[in-house]
Amino acid sequence: MFDKLESALRYQQEALNLRAERQKVLANNIANADTPNFKARDFDFRAELDRVMQQGRSAGEGGLSLSRTSSRHIAAEGPRVSSVDDLLYRVPDQPSLDGNTVDMNRERAAFADNSVRYQADVTFVSRRIQGMKKAMQPE
């Protein structure tokens, strides 16, 4: 039963994990917009999602982590920090004199786009779960 539920939601789960990871990468780029010699990074979301779906996550990769609100809660098992295999350097349109390659307009647009897609994925997953709950409840 649970393996069927997991397989039904696995694609969205992996997409959400990668969206969260991409949000961290983009936020890191924005935070270092004024750091000399900082090189903006990103990853190919589609390629990474395909890789995770085909190969699964390797050791050391995770996703969203759980937080405990009480010391009596059982600690979550599993890897703690997610990572992406191929973080790529962004090619700047107009590099700055200090070597920084962050283009704030591009970063803001990518950040907003990723946020909207993350929210859409969350909405899709919650509706899917609601549909499954309706299907399992007796009439």
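In this text, all values refer to a predicted model and were calculated from it rather than measured experimentally. Counting from 1, the numbers follow the sequence of the chain as shown. Atom set for the values below is all heavy atoms of this structure, side chains included, hydrogens, waters and symmetry mates excluded.
Across all their heavy atoms, N32 and N100 have their closest contact at O-ND2, 3.0 Å. Shortest non-hydrogen contact noted between T101 and P92 is CG2-CG, 3.8 Å. Across M53 and R10, no two heavy atoms sit closer than the pair O-NH1, 3.4 Å. Minimum heavy-atom separation, A15 to L49: N-CD1, 3.9 Å. When all heavy atoms are compared, the tightest approach of N29 to R41 is ND2-O, 2.6 Å. A pairwise comparison of heavy atoms in L16 and V125 identifies CD1-CG2, 4.1 Å as the closest pair.
Within a 6.0 Å radius of CG in D34, other residues, nucleotides and ligands contribute 12 heavy atoms or fewer.
Residues Q130 and K134 fail the side-chain proximity criterion, which asks for heavy atoms closer than 4.5 Å. Inter-residue side-chain proximity for D44 and E48 is flagged as unmet; no heavy-atom pair is nearer than 4.5 Å. When side chains are defined from C-beta on, L87 counts as touching V25, because their heavy atoms get closer than 4.5 Å.
Note: F43 CZ to R51 CZ = 10.0 Å, rounded to the nearest 0.5 Å. The structure places CD of Q12 at 11.5 Å from CG of N17, a figure rounded to the nearest 0.5 Å. Taking CD of E14 as the reference point, atom CG of L9 lies at 11.5 Å (rounded to 0.5 Å).
Tracing side-chain contacts under 4.5 Å through hydrophobic residues (I, L, V, M, F, W, Y), one never reaches F111 starting from Y118; they form parts of separate clusters. Under the 4.5 Å side-chain heavy-atom criterion for grouping Ile, Leu, Val, Met, Phe, Trp and Tyr, V122 is not connected to F124 through any hydrophobic cluster. Under the 4.5 Å side-chain heavy-atom criterion for Ile, Leu, Val, Met, Phe, Trp and Tyr, L26 and M104 are members of the same hydrophobic cluster.
With respect to D121 and R117, no salt bridge is recorded, no charged nitrogen being found less than 4.0 Å from a carboxylate O.
Under the 3.5 Å distance criterion, the side-chain polar atoms of K39 are matched with a main-chain donor or acceptor of G99.
Taking the ring centre of F45 as origin, the terminal cationic atom of R22 falls outside the region bounded by 6.0 Å and 45° from the ring axis.
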Exercise for review: Let me see the working for Q23 and N114 under side chain to side chain donor-acceptor pair (under 3.5 Å), right down to the final yes or no.
Suggested key: CA-CA 7 Å; Q23 205 73 347; N114 196 54; 2.5 Å; yes

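Listed by first and then second residue, the salt bridge (Lys or Arg N to Asp or Glu O under 4.0 Å) pairs that reach into residues 95-105 come to none, sequence neighbours excluded.
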